[in-house]
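Source: prediction; values computed, not measured.
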Amino acid sequence: MPQSRSADLLAIYPHITSRDRQLLRLLDDHQVLTTDQIHQLFFLARRTCQIRLSELYGLGLLDRFRFARTGGGSQPWHWTLGHNGHRFQAAAHERPEPTARASRQAVQRVSASPTLTHLLTVNEFFVRLKTHTRRHPEMRLDRWWSERTTTRQFRTITADGHGIWTAAGASVGFWLEADTGTEPLGRLVGKLDRYATLTRRVGIQYPVLFWLGSPAREEHLHRLLRGRRDVLVVTATHETDPAQAVWLPVGATGRVGLAQLPTDHGQPVADNPNFDDGVFVL
């Protein structure tokens with residue numbers, strides 16, 4: 001295996017597996033994943049995961065960073081695309097090839113971002129769903145879109161993420177709002193107006209999933225939303241498995257699973273990215 005991190009990209013190709021390509025695609029869209037998250041997504045043994053990540057780092061396909069842990073020691077490695085990873089993804093999507101400086105700056109921006117914790121929380125939500133499908137192959141996460149992709153596709157929506165979850169023969173679209181406790185709940189409630197506008201414009205009706213940091217914030221949010229009917233809002237907390245029946249709709253008394261929530265992919269019009277020439281597409 002090549003040892004130089006600046007090796008020619010074509011020389012690296014024989015060492016890139018299909019699993020590696022999946023990981024590169026995820027990091028291209030979702031920016032950063034921890035060792036534990038990558039382990040859950042792709043590997044059975046943690047040691048095998050660690051070895052492979054080190055090999056990909058050596059090839060320049062991945063880069064990494066970590067911070068000191070309060071009380072001593074270090075946090076887990078956080079993994080991003082390395083320069084060769086950026087080059088590979090640029091070639092795959094017919095984008096201009098990045099310079100080494102641009103690739104390094106991209107890593108630095110992610111590592112120093114004040115929203116890093118929020119980004120990892122959003123990714124953790126989808127990692128848990130995807131991990132659940134590894135144990136239950138009859139369930140699928142058919143769509144996992146980042147905030148950037150969601151905004152690009154739907155334009156007026158600024159969700160933290162968007163997905164389509166399939167279980168028991170039902171496919172449910174959803175918007176994710178991942179709460180880390182840094183915003184007033186009133187500001188979160190204010191985001192619902194955009195979802196209501198989208199429903200009126202193209203008919204898309206997906207539940208808005210508020211994934212909250214504590215039961216207290218969940219209870220407070222339900223009080224704020226009491227009586228609101230134009231958007232379906234459901235809530236759960238970070239300690240739960242989002243693939244389970246943990247979602248509490250506003251105004252309800254019992255929790256349900258994602259597949260039990262109502263959904264409508266909207267009208268097959270040009271302004272609705274769910275459809276291409278009138279055909280629903282994932």
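- When all heavy atoms are compared, the tightest approach of V189 to L221 is CG2-CD1, 3.7 Å.
- Both cation-pi conditions hold for R64 and Y57: the charged atom is under 6.0 angstrom from the six-membered ring centre and inside a 45 degree cone around its axis.
- More than 12 non-hydrogen atoms from other residues, nucleotides or ligands lie less than 6.0 angstrom from CZ of R223.
- Using a 4.5 Å heavy-atom threshold, the side chains of R148 and Q31 count as touching.
- Annotation: side chain of D28 is not in contact with side chain of F88 (no heavy-atom distance under 4.5 Å).
- Ion pairing between a basic and an acidic side chain is recognised when a charged N comes within 4.0 Å of a carboxylate O; R228 and D193 show such pairing.
- Distance check, rounded to the nearest 0.5 Å: CG of L212 to OG1 of T235 gives 6.0 Å.
- When R217, R187, K191 are each tested for a salt bridge (Lys or Arg N to Asp or Glu O under 4.0 Å) with E177, only one passes: K191.
- L120 and W145 end up in different hydrophobic clusters when Ile, Leu, Val, Met, Phe, Trp and Tyr side chains are linked at under 4.5 Å.
- The line from CG of D230 to CD of Q205 is 10.0 Å long, rounded to the nearest 0.5 Å.
- Among residues two or more places apart in sequence or in another chain, the side chain to side chain contact (heavy atoms under 4.5 Å, CB included) test is passed with A90 by R95, P98.
- Between Q40 and D36, the shortest heavy-atom contact is NE2-OD2, 2.8 Å.
- For the atom pair R152 CZ and T149 OG1, the distance stands at 4.5 Å (nearest 0.5 Å).
- You'll find the side chain of V256 stays beyond 4.5 Å of the side chain of V234, heavy atoms only.
- Side-chain atoms of R255 do not come within 3.5 Å of backbone N or O of Q244 as any donor-acceptor pair.
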Would W165 and L129 count as a side-chain contact (heavy atoms from CB on, under 4.5 Å) if you check the C-alpha gap in whole Å, the side-chain angles of each, and the deciding distance to 0.1 Å?
-> CA-CA 9 Å; W165 176 251; L129 287 181; 3.9 Å; yes
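- Side-chain atoms of H238 come within 3.5 Å of backbone N or O of W211 as a donor-acceptor pair.
- Residues L188 and V250 share a single hydrophobic cluster, defined by chaining ILVMFWY side chains whose heavy atoms lie under 4.5 Å apart.
- Close placement of the F154 and W175 rings is indicated, their centers lying within 6.0 Å of each other.
- Transitive grouping of hydrophobic side chains (ILVMFWY, heavy atoms separated by less than 4.5 Å) brings L224 and F210 into a common cluster.
- Summarising the geometry of L10 relative to P14, their closest heavy-atom pair is O-CD, 3.7 Å, with the distance given to 0.1 Å.
- Annotation: ring pair (Phe, Tyr, Trp, His ring centres under 6.0 Å) contacts involving residues 249-282, sequence neighbours excluded, comprise Y206-H265, H265-F280, F275-F280.
- Placement of V246 and V233 in two distinct hydrophobic clusters is found when ILVMFWY residues are connected by side-chain heavy-atom separations under 4.5 Å, directly or transitively.
- The same ILVMFWY cluster, assembled from side-chain heavy atoms under 4.5 Å apart, contains both V127 and L176.
- Counting only distance, with no hydrogens or angles, the side chain of R140 and the backbone of I164 share no donor-acceptor pair below 3.5 Å.
- Note: R69 CZ to Q75 CD = 6.0 Å, rounded to the nearest 0.5 Å.
- Counting all heavy atoms, side chain and backbone alike, T150 lies closest to G161 at OG1-C, 4.0 Å.
- Counted by atom type alone, H83 and R104 present zero donor-acceptor pairs between their side chains at under 3.5 Å.
- Side chain of H39 to backbone of L44: a donor-acceptor contact under 3.5 angstrom is found.
- A side-chain hydrogen bond (donor to acceptor under 3.5 Å, both in side chains) with S146 is found for one member of N123, D29, D160, T151 and no other, namely D29.
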Could you check R21 against S18 for side chain to side chain donor-acceptor pair (under 3.5 Å), going step by step and ending with a plain yes or no?
-> CA-CA 5 Å; R21 289 196 296 272; S18 59; 4.9 Å; no
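- The heavy-atom pair separating P215 from E239 by the smallest distance is CG-OE2, 4.1 Å.
- The two atoms that bring L258 and V172 nearest to each other are O-CG2, 3.4 Å, heavy atoms only.
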Please lay out, stage by stage, how I157 and I204 fare under the test side-chain contact (heavy atoms from CB on, under 4.5 Å).
-> CA-CA 12 Å; I157 294 300; I204 295 175; over 6 Å; no
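- Side-chain contact check for L62 versus L23: some heavy-atom pair is nearer than 4.5 Å.
- No donor-acceptor contact under 3.5 angstrom links the side chains of R128 and T131, judged on distance only.
- Annotation: side chain of R52 is in contact with side chain of L56 (closest heavy-atom distance under 4.5 Å).
- Counting heavy atoms from C-beta outward, T48 and I51 have side chains that stay 4.5 Å or more apart.
- Contact annotation: the side chain of L192 approaches that of L225 to within less than 4.5 Å [non-hydrogen atoms, C-beta and beyond].
- Side chain of W247 to backbone of P242: a donor-acceptor contact under 3.5 angstrom is found.
- No hydrogens or angles considered: nothing links the side chains of T237 and E218 as a donor-acceptor pair under 3.5 Å.
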How far apart are the C-alpha atoms of R201 and T156, what are their side-chain angles, what is the distance that settles it, and do they pass the side-chain contact (heavy atoms from CB on, under 4.5 Å) test?
-> CA-CA 11 Å; R201 194 176 79 241; T156 58; 3.4 Å; yes
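- Note that CD of Q50 is 11.0 Å distant from CD1 of I38, once rounded to the nearest 0.5 Å.
- Checked by atom type and distance alone, the side chain of R143 never pairs as donor or acceptor with a backbone atom of G163 at under 3.5 Å.
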Please step through side-chain contact (heavy atoms from CB on, under 4.5 Å) for the pair V110 and L116, ending with a clear verdict.
-> CA-CA 7 Å; V110 172; L116 176 60; 4.2 Å; yes
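- Remark: S171 engages T166 in a side-chain hydrogen bond (donor to acceptor under 3.5 Å, both in side chains) (not counting sequence neighbours).
- Looking only at side-chain heavy atoms (C-beta outward), H30 and F126 stay at 4.5 Å or farther from each other.
- Aromatic ring orientation, H132 versus H136: parallel (interplanar angle below 30°, classes split at 30° and 60°).
- In this structure, the separation between CD on E124 and CG on L33 is 9.5 Å, given to the nearest 0.5 Å.
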